[in-house]
Amino acid sequence: MPDNRDKLRGLLLDVFLLDPKEFRWDLKRSQIDTWDSLGTVSLAVGIQDVFGYHLTSAEATGLSSVEDIVDALRRKGVAIGDA
Amino acid sequence: MMPEPEVWSLERLLTENLGVTSVWATPSVRARVAARLPFPVRASLAELEPETQTLIVVGGGTLIDLAKVWRRDHAPSLRLIAIASVWGSGAEGSPVAVTHQAGRKIICVDRSLVPDVRVPWLDLAESLPPLVQRRGCGDAWSHALEAFMSPLATPELRGETSTLLQFLRELPIGSDPRWFEASVAACRVQAKSSVGLVHGIAHTLEGLLATAEPEFGWGHAALCSTFLWPVLCLDAALSPKPQELCRQYGLSWDAFLSSARSLFEEEAYDRALPVLEAHWTAVLRDPCTRTNGVLVRPGHLDHFRLRAFAA
């Protein structure tokens, strides 16, 4: 069973269509060309599908890095271990 | 509030004083239009005289969208009257236009794109083959269902769309004048939210297939009709959200699946599948796919490849 960190990594690869080799946990939004406004919508949909949590519009648009996504999920009670 | 075009009957169109008027009609109906309307019929917008005051565009969504964008960009004072050759796109009553730039589909939503007048012309639609009429129904169904499930839809919009979806269930798949109103309503609700994977597939494949198989009659509506059922099945397999939304608004998901299944075209699917496989990454990158109600992932191509929906 993949843990939540693996689930999140898989989700981000699919949402942003990233090559696994280019993924890092310290990626910023500005470094991901598919993280535009539609990417934010896809991310919110994906987080709801995978983790069952609804991100508000303000929460989703306020995310600016992968670390922000991890922090947001932890605040929702999703256990994500350190990388 | 987005403006709405006036709705005229064909009789009113024939008696109104429209000033200097030209008609731009799609080839499939040009002869019938020329026989019925007492205005010169042009083969292209380049043939319009500079003093033209009214342009009547008669055709499918693509032609009407071209006229809407051309009027906005080149002749904003021109009166634009839109007549859909068949229902489905709803382009004749919406603020949306889909255009091409450098081989990519660009979706514009702008109040200045709304035509001034639309004219439902049932006889014209009924002169087209039944398959074209059915595909128009699939186009409208796709707009309404994807708008309903869109992550950008508000509760108010979902309420409005649920009423429309119940109305669509009352309509036959085929000729019925009520499809004109339903199509315009469906297009207007998707303009306020978004569409999803059905449209991502249609926008990516329609040009490729139309070029590769011009004799097959490929177009936006054919792809929407063919992929609506497989996509709804994928959505439901991935998430309980579609069924939950339906329950919340007093709708029957199974009834929608049944309608979508009745629109499915086996032969079209078989022809389109290899092109879908070859261009799946482009489908995933399409803006419509990225606002699907359920997240679409690279691995979901197997759903289509293995025909999981037909199991």
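Side chains are part of it too, since the values below use all heavy atoms of this structure and drop only hydrogens, waters and symmetry mates. Numbers restart at 1 for each chain; the letters A, B, ... are given by sequence-line order, proteins then strands.
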Which region of A:L13, side chain (C-beta onward) or backbone (N, CA, C, O), has a non-hydrogen atom less than 4.5 Å from a non-hydrogen atom of chain B, or is it both or neither?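 Contact with chain B involves no heavy atom of A:L13 at all.
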Against chain B, label A:T34 side chain, backbone, both or neither, depending on which of its atoms sit under 4.5 Å from a heavy atom there. both
Tell me the closest heavy-atom pair linking [X] and [Y], and the distance in Å.
X	Y	answer
A:V45	B:G293	CG1-O, 3.6 Å
A:V41	B:R290	CG1-O, 4.1 Å
B:L295	A:G46	CD2-CA, 3.8 Å
B:V294	A:D49	CG1-OD2, 3.4 Å

Pick from B:P240, B:P298, B:P151, B:S194 with the largest number of heavy-atom pairs that fall under 4.5 Å of chain A: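 The residue among B:P240, B:P298, B:P151, B:S194 with the greatest pair count is B:P298.
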Given a strict heavy-atom distance threshold of 4.5 Å, which part of B:L238 is in contact with chain A: side chain, backbone, both, or neither?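 The answer is neither part of B:L238.
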Can you tell me which of A:L11, A:L43, A:V50 forms the most heavy-atom pairs within a distance under 4.5 Å of chain B? A:L11
When you look at CZ of B:R261, are more than 12 heavy atoms from neighbouring residues, nucleotides or ligands closer to it than 6.0 Å? no
In this structure, CG of A:D14 is separated from CG of B:L284 (nearest 0.5 Å) by 8.5 Å
